[in-house]
Trainee: 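I am attaching a structure below and will ask some questions about it afterwards.
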Amino acid sequence: GLIGALSLPPYSLWVVFLFPMMMAILRLDHCETLKEAAWSGWWLGFGYFLMGLWWIGTAFLVDDRFLWAMPFAIAGLPIILSFYFAAAFALSLSLWQSGIIRIVIFSLAMCSFEVLRGQLFTGFPWNAMGMVLGSQLEFSQIASVIGVHGLTFVSCLLFALPVLFFTEKQKSKKLFGPLLCVLGFFALYFFGTYRLETAQHETVPNTRIRLMQPAIAQDEKFDRSNAS
């Protein structure tokens, strides 16, 4: 999970998302109970959200009276959000099959609970797994058709497919997963490139837009001498 979060902005090392997705399939292959699967998903989620949301703790540096709450903020939110991944893993195992079908099941389960994460309890869709590809301009264009949650499904599917090379016995099946993964990325790239090159750029007459720079230090925001 920690490594997988590096695929998101600002790092955007999207290739490393192969590791958590392939490991998730391998782990589920060896899970014998739903509880075991749920714990596996929870730990993956905890690492993913801890690495992706640690910056929340910086808010407590503004006033040192609240430093004691920083660890609770940094770890508390990942602890809660990880239960969505736990549920997705448990659901996946309950429907587990052999071959490529299990990867489709896993991707659908992760996509479903990512949708729920963005809706339940007012929703917290931050660091949606679809943003792994969302940070790449060409790859992200398919979101115009399937949305960010569809992009989550595609991300989980494509990055998990190469695991077939290590789990299948027949040579044809071993090569099928990596080949389908590569073809999928080529398809996304060509669609995105075509859409960007054929996009219509229009201007709105008699309209002025003012861009404001939000990069203001936290201590300046709370300095009363800066009040207008």
Trainee: Can you tell me how the ring of Phe49 sits relative to the ring of Phe85, calling it parallel under 30°, perpendicular over 60° and tilted otherwise?
Mentor: tilted
Trainee: Say whether Leu133 and Ile146 are linked into one hydrophobic cluster, either directly or through other cluster members, by side-chain heavy-atom distances under 4.5 angstrom.
Mentor: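 Result: yes, single cluster for both.
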Trainee: Hey, could you give me the CH2/CG distance between Trp54 and Leu77, rounded to the nearest 0.5 Å?
Mentor: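 It comes to 15.0 Å.
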Trainee: Please report the closest heavy-atom contact between Phe46 and Ala75, naming both atoms and the distance.
Mentor: CE1-O, 4.0 Å
Trainee: Looking at Phe165 and Pro178, what are the two nearest heavy atoms and their distance?
Mentor: CB-CG, 3.8 Å
Trainee: What heavy-atom pair brings Glu168 and Gly99 nearest, and what distance separates the two atoms?
Mentor: OE2-CA, 3.7 Å
Trainee: In Å, rounded to the nearest 0.5 Å, how long is the span from CG of Leu95 to CZ of Phe106?
Mentor: 13.0 Å
Trainee: Leu13 and Val16: side-chain contact (heavy atoms from CB on, under 4.5 Å), yes or no, with the steps?
Mentor: CA-CA 6 Å; Leu13 303 174; Val16 303; 4.2 Å; yes
Trainee: Do Arg117 and Phe124 make a side-chain contact, defined as non-hydrogen atoms from C-beta onward lying under 4.5 Å apart?
Mentor: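 Yes, side chains in contact.
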Trainee: How many angstroms lie between atom CG of Leu8 and atom CG of Asn127, to the nearest 0.5 angstrom?
Mentor: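 So the gap between those two atoms works out to 5.0 Å.
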Trainee: Nearest 0.5 Å please: distance from the CD1 atom of Ile100 over to the CG atom of Leu157.
Mentor: 6.5 Å
Trainee: Charged N to carboxylate O under 4.0 angstrom, Glu36 versus Arg27?
Mentor: yes
Trainee: What's the spacing between Lys173 NZ and Leu164 CG if we round to 0.5 Å?
Mentor: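 Interatomic distance, Lys173 NZ to Leu164 CG, rounded to 0.5 Å: 10.0 Å.
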Trainee: Search all heavy atoms of Leu180 against all heavy atoms of Leu158 and return the closest pair with its distance.
Mentor: O-CD2, 4.3 Å
Trainee: If I take atom CZ from residue Phe89 and atom CG from residue Leu34, how far apart are they, to the nearest 0.5 angstrom?
Mentor: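 The CZ atom of Phe89 sits 13.0 Å away from the CG atom of Leu34.
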Trainee: Surrounding CZ of Phe191 (heavy atoms of other residues, nucleotides or ligands, distance under 6.0 Å), is the total greater than 12?
Mentor: yes
Trainee: Please walk me through it: do Gln136 and Trp14 pass side-chain contact (heavy atoms from CB on, under 4.5 Å)?
Mentor: CA-CA 8 Å; Gln136 309 301 316; Trp14 58 274; 3.1 Å; yes
Trainee: So Leu18 and Val163, side-chain contact (heavy atoms from CB on, under 4.5 Å) or not? Walk me through it.
Mentor: CA-CA 9 Å; Leu18 282 165; Val163 78; over 6 Å; no
Trainee: Which class fits the ring pair Trp39 and Trp42: parallel under 30°, tilted 30 to 60°, perpendicular over 60°?
Mentor: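 Perpendicular.
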Trainee: Verify side-chain contact (heavy atoms from CB on, under 4.5 Å) between Tyr84 and Leu120, making sure each step is shown before the conclusion.
Mentor: CA-CA 11 Å; Tyr84 287 104; Leu120 297 182; 3.6 Å; yes
Trainee: Does Phe83 share a hydrophobic cluster with Ile74, counting links as ILVMFWY side-chain heavy atoms below 4.5 Å and allowing steps through other members?
Mentor: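 Shared cluster, yes.
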Trainee: Are Leu116 and Leu53 connected, step by step, through hydrophobic side chains (Ile, Leu, Val, Met, Phe, Trp, Tyr) whose heavy atoms are closer than 4.5 Å?
Mentor: yes
Trainee: Given Phe159, which of Phe185, Phe19, Phe139, Phe153 fulfils the ring pair (Phe, Tyr, Trp, His ring centres under 6.0 Å) condition?
Mentor: Phe185
Trainee: Which atom pair, heavy atoms only, marks the closest approach of Ser140 to Leu151?
Mentor: CA-CD2, 4.5 Å
Trainee: Of all the heavy-atom pairs spanning Trp68 and Pro71, show the shortest one and how long it is.
Mentor: O-CD, 3.4 Å
Trainee: Got Pro20 and Leu44 here, is their nearest side-chain heavy-atom distance under 4.5 Å?
Mentor: yes
Trainee: Spell out, as yes or no, whether a donor-acceptor pair under 3.5 Å connects the side chain of Gln119 to the backbone of Val115.
Mentor: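 No.
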Trainee: Does a side-chain heavy-atom distance below 4.5 Å link Ser92 with Leu28?
Mentor: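 Answer yes - side chains close enough.
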Trainee: Is it the case that the side chains of Arg102 and Thr167 hold a donor-acceptor pair, with the cut-off being a distance below 3.5 Å and no angle test?
Mentor: yes
Trainee: Is it true that, when you exclude Trp43 itself, more than 12 heavy atoms of the residues, nucleotides or ligands shown sit nearer than 6.0 Å to its CH2?
Mentor: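 No, the 6.0 Å shell around CH2 holds no more than 12 heavy atoms from other groups.
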Trainee: Taking side chain as C-beta onward, heavy atoms only, is Met21 less than 4.5 Å from Met129?
Mentor: yes
